[in-house]
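Worksheet: one structure, shown below.
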Amino acid sequence: MKRMLSLLLVVGAVAVSGIAADKKVTSPYTIVTTCTMVTDIVAQVAGDKAEVKGLMGPGVDPHLYKPTRDDLTKLAKADVIFYSGLMLEGRMADSFMKMARASIPAYAVTELLDEEFLLEPEEFDGHWDPHVWNDVQAWISATQAVAGALSELDPANAAAYQANSDAYTAKLAELDAYAKKSIATIPEKSRVLITAHDAFNYFARAYGIKVMAAQGVTTESEAAISDINELVDYIVENDIRSIFVENIVSDRNLQAVIEGAKAKGHSLEIGGELYSDATGPAGTYEGTYLGMVDHNVTLITRKLGGEAPEKGLYGKLSPAH
Ligand SMILES: [Zn+2]
């Protein structure tokens with residue numbers, strides 16, 4: 001049943017773009033986006049041709065986000081809508097369908113990713129894992145999807161969108177290489193990333209680190225005591241010293257893990273906070289997609305015993321890495 005639902009939604013998303021295929025916009029126009037990582041790449045590609053309004057602020061959990069009345073007004077007034085897709089914004093699906101009926105073009109930025117790329121871990125119950133942005137290559141694809149969509153809608157500015165996308169993609173490629181190089185410096189036995197919820201499967205595959213989470217797929221599921229006990233046993237056996245909290249999830253489950261490890265005489269610390277499903281504070285470097293990933297990679301690398309510059313790839317991270 002769940003599998004059928006995801007298929008329907010995927011087909012729905014394709015149909016949404018299909019309906020709007022002949023729709024055109026004229027600059028300046030308004031784009032409405034969902035989560036901060038989507039807002040950032042859309043703003044990078046749109047440049048000065050459109051106003052971009054993000055519905056979810058930094059630190060907001062996209063799995064649980066329900067559109068407010070004000071959001072619905074913004075969506076209804078949008079010329080174009082971009083969302084992440086793969087059911088990340090689970091509680092916004094109805095709104096997207098409504099906008100599609102109103103013939104507002106809505107694009108999932110993940111629509112160019114094929115099944116070969118996508119992961120479907122067992123605990124995801126037949127759904128694709130939506131956390132693709134934690135592999136920078138996927139966000140390169142997403143940036144290109146945005147450029148393609150805007151060029152179709154506003155052909156007069158297609159060259160500008162392509163140039164913006166190319167310039168930004170070059171930075172993302174640099175970030176991807178930095179992530180690969182940094183994570184590889186962590187001693188092999190310590191290359192284990194333990195977080196609050198299951199957001200780093202693509203990160204794990206792309207950068208060569210094992211991941212484990214105290215809580216399942218979406219932030220809605222509760223961690224079972226047996227899962228926490230298993231995690232504690234793994235940590236003690238493998239002498240893991242740092243685990244990581246996330247900006248969008250309560251650290252209650254991780255505190256239980258720390259207490260459990262302590263009870264077995266093992267000292268374990270919170271290595272810091274990762275930006276898992278939303279960027280850091282608006283107006284800071286960490287509030288951009290580049291800064292979000294740079295922060296995560298640099299913090300994970302340094303706390304697990306690898307080598308990365310304290311202030312990250314561009315020397316822009318705030319202190320305490
Ligand atoms: Zn998540």
Side-chain angles (χ1 to χ4, degrees), residues 2 5-6 9-10 13 33-41 54-67 82-93 96 108-110 113 117-139 142 179 193-207 209-224 227-228 231 243-254 257 270-280 286-287 289 291-293 295-297 299-300:
K2 274 185 178 164
L5 190 67
S6 6
L9 281 173
V10 171
T33 55
T34 55
C35 47
T36 49
M37 344 27 121
V38 173
T39 305
D40 190 31
I41 57 170
L55 299 181
M56 303 178 200
V60 170
D61 178 348
H63 299 286
L64 301 183
Y65 190 82
K66 272 193 220 157
F82 284 99
Y83 58 104
S84 192
L86 302 171
M87 294 180 70
L88 174 72
E89 300 98 334
R91 298 190 176 182
M92 292 195 70
F96 296 142
V109 300
T110 52
L113 297 172
F117 181 89
L118 296 173
L119 294 172
E120 193 182 3
E122 205 182 316
E123 68 274 18
F124 280 60
D125 249 347
H127 294 295
W128 299 119
D129 180 343
H131 303 92
V132 292
W133 58 87
N134 285 323
D135 174 348
V136 178
Q137 287 297 335
W139 235 225
L193 172 60
I194 298 175
T195 61
H197 95 296
D198 237 343
F200 290 92
N201 289 314
Y202 294 96
F203 185 93
R205 184 183 63 182
Y207 307 117
I209 187 168
K210 184 179 166 74
V211 288
M212 300 176 91
Q215 189 185 21
V217 190
T218 85
T219 46
E220 243 164 338
S221 49
E222 280 288 323
D227 293 347
I228 289 185
L231 195 54
I243 59 179
F244 297 85
V245 295
E246 295 171 39
N247 60 332
I248 64 147
V249 195
S250 129
D251 62 3
R252 194 178 57 224
N253 293 327
L254 289 182
V257 171
I270 300 273
E273 184 184 71
L274 302 178
Y275 300 124
S276 55
D277 292 12
T279 62
E286 287 84 351
Y289 173 70
M292 167 191 192
V293 177
H295 164 93
N296 289 346
V297 166
L299 184 66
I300 292 166

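Numbering of ligands and ligand atoms starts at 1, following listing order. All heavy atoms count here, side chains included; hydrogens, waters and symmetry mates do not. In what follows, residues are counted from 1 in the order of the sequence shown.
For the Zn ion (ligand 1), the nearest N, O or S atom contributed by His197 is named NE2. Atom NE2 is the N/O/S atom of His131 found closest to the Zn ion (ligand 1).
Between the OD2 atom of Asp277 and the NE2 atom of His63, the angle taken at the Zn ion (ligand 1) works out to 90° after rounding to 10°.
Leu86 contributes atom CG, which lies 10.5 Å from atom NE2 of His131 (distance to the nearest 0.5 angstrom).
A 4.5 Å side-chain heavy-atom check between Tyr289 and Thr36 finds every atom pair outside the cut-off. In this structure, Leu274 and Phe200 have side chains that are in contact, with non-hydrogen atoms separated by less than 4.5 Å.
Side chains of His63 and Asp61: no donor on one and acceptor on the other come within 3.5 Å.
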